[in-house]
Protein chains: 2
Amino acid sequence: IVETVELTKIYKMGPSEIRALDGVNLAIEKGEFLSVMGRSGSGKSTLLNLIGCLDRPTSGTVILDGVEVTRLPKGKLPQIRREKVGFVFQQFNLIPTLTALENVELPLRYAGVSSGERRRRAKEALEQVGLGDRLGHRPMELSGGECQRIAIARAIVNRPAILLADEPTGELDTHTAAEIIDLMHELNREAGVTVVIVTHDPLVASRTDRIIYLSDGRIVREEKPPTT
Amino acid sequence: IVETVELTKIYKMGPSEIRALDGVNLAIEKGEFLSVMGRSGSGKSTLLNLIGCLDRPTSGTVILDGVEVTRLPKGKLPQIRREKVGFVFQQFNLIPTLTALENVELPLRYAGVSSGERRRRAKEALEQVGLGDRLGHRPMELSGGECQRIAIARAIVNRPAILLADEPTGELDTHTAAEIIDLMHELNREAGVTVVIVTHDPLVASRTDRIIYLSDGRIVREEKPPTT
Ligand SMILES: Nc1ncnc2c1ncn2[C@@H]1O[C@H](COP(=O)(O)OP(=O)(O)OP(=O)(O)O)[C@@H](O)[C@H]1O
Ligand SMILES: Nc1ncnc2c1ncn2[C@@H]1O[C@H](COP(=O)(O)OP(=O)(O)OP(=O)(O)O)[C@@H](O)[C@H]1O
Ligand SMILES: [Mg+2]
Ligand SMILES: [Mg+2]
């Protein structure tokens with residue numbers, strides 16, 4: 001469902017060059033539950049952003065659900081994203097003036113869902129991440145972990161084909177983190193959502209089908225954790 | 001060096017009330033290395049914000065380095081904070097238009113340090129967190145973990161009496177997280193900095209002198225991890 005070929009992203013800073021990604025070749029099967037690990041600065045967010053069409057590579061190819069997105073004009077990317085991808089950002093990116101419920105409804109608005117149905121589904125997604133009692137709060141009135149969970153609810157509410165989650169449990173206690181990973185497994189098994197999680201947590205990675213390790217913008221290792 | 005008496009923070013949301021902190025009594029010795037754990041939403045950031053004078057309680061007392069800060073007029077708090085506290089925010093709070101170096105220099109500017117000395121000490125702090133090669137980058141040009149480390153460098157550059165860190169390793173891989181905790185231990189041992197870390201990482205907590213557990217705004221348990 002995702003394929004990258006020689007995916008490369010280079011940032012020019014004055015005279016020097018930063019190879020955030022350096023020729024990444026990756027194939028992700030439909031329905032897979034994958035994790036990506038690696039040191040801070042190794043290129044994990046860059047990889048996710050390129051797969052999720054939030055950014056364009058310097059060179060190389062991304063094929064997303066059969067579409068060679070790296071050949072599309074920039075203007076076509078938002079639509080592809082909305083139809084196919086749910087994204088949990090490393091820094092949440094919630095709209096501060098909207099409530100938790102309104103933030104989660106946003107992808108459903110774009111999908112043209114009626115207001116009654118939007119409300120019902122957004123409420124359900126928030127209950128799934130344990131925030132049924134925080135619907136009317138705005139991001140400033142919520143804890144770090146609560147904001148992260150709103151971002152997760154927003155990413156899953158549209159049942160995307162692919163869920164890309166950039167460190168979705170970085171701000172969560174062990175108990176809440178386990179519940180979130182349970183939820184992602186449920187989506188994977190029951191709704192066939194392909195899941196790619198960037199994580200620093202070995203416990204989270206051990207609960208995925210395959211772990212990809214990045215170092216200095218390259219894949220250096222792959223592992224299949226023993227199934228429990 | 002820190003004492004709280006019946007510390008309480010209540011948020012009114014329409015007809016209902018959220019007891020973010022509910023009568024917290026805590027005494028922290030000078031030079032202690034403490035961690036605070038608890039579920040998402042249990043009141044950890046609220047506790048840190050009240051100790052660090054970023055916010056005022058609904059009732060109760062905070063005594064910081066001999067000063068009853070809850071009795072001071074609001075206008076006096078910024079000065080107390082700058083002189084006594086280094087704060088690492090859960091969401092980093094860097095200035096997006098400034099470079100890594102300029103962000104870390106900021107507390108030294110407030111302290112009236114000369115520009116040459118400021119540059120030298122900020123550079124040193126950034127090297128200590130492993131970002132000596134990112135001095136000229138702005139937050140948008142840095143990874144999540146790199147931003148978190150700038151926030152840490154900024155909090156320690158002024159050798160504060162008390163370092164309050166709200167989940168300082170939430171975005172860091174295991175290796176980089178261990179280096180940051182090593183650095184905090186070094187400050188604690190060699191510069192006598194009192195350290196309070198909110199963390200979800202049991203490995204980080206196991207490396208502190210005492211662990212305080214919060215639940216629904218109250219301290220429910222205390223533990224002394226076995227010393228390695
Ligand atoms: N301004 C506010 N208005 C209303 N409720 C608030 C406000 N700020 C925080 N809260 C609530 O107070 C509770 C405690 O918040 P706090 O940020 O201290 O939690 P936390 O322990 O740091 O959680 P996390 O681990 O998720 O960061 C949360 O349930 C949150 O919803
Ligand atoms: N706009 C940019 N300009 C210059 N360099 C950049 C830019 N964005 C990212 N980088 C650099 O590219 C490298 C990879 O960044 P990326 O965000 O992918 O890392 P990461 O693996 O997600 O790290 P973390 O675990 O800390 O989140 C980093 O070293 C960063 O400094
Ligand atoms: Mg990242
Ligand atoms: Mg918090």
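So that the names make sense, note that chain A is the first sequence line, chain B the second, and so on, each numbered from 1. All values below were derived from every heavy atom in this structure, side-chain atoms included, with hydrogens, water molecules and symmetry-related copies excluded.
- When each of B:I28, B:L187, B:N188, B:L34 is paired with B:T194, the side-chain contact (heavy atoms from CB on, under 4.5 Å) condition holds for B:I28 and for no other.
- Checked by atom type, the side-chain pair B:Q148/B:E171 shows no donor-acceptor distance below 3.5 Å.
- In this structure, chain A has heavy atoms under 4.5 Å from both the backbone and the side chain of B:S40.
- Other residues, nucleotides and ligands place no more than 12 heavy atoms under 6.0 Å from the NZ atom of A:K123.
- Heavy-atom pairs under 4.5 Å with chain A were tallied for B:T176, B:T199, B:D173; the largest tally goes to B:D173.
- Looking at A:L142, neither its backbone nor its side chain comes within 4.5 Å of chain B, counting heavy atoms on both sides.
- Checked by atom type, the side-chain pair A:T46/A:N49 shows no donor-acceptor distance below 3.5 Å.
- Counting heavy-atom pairs under 4.5 Å between each of B:G145, B:C147, B:S42 and chain A puts B:G145 at the top.
- Across B:H137, B:K44, B:M37, the residue that shares the most heavy-atom pairs under 4.5 angstrom with chain A is B:H137.
- Heavy-atom pairs under 4.5 Å with chain A peak, among B:P202, B:A177, B:G144, at B:G144.
- Between atom CG of residue B:L164 and atom CD1 of residue B:I197 there is a gap of 10.5 Å, rounded to the nearest 0.5 Å.
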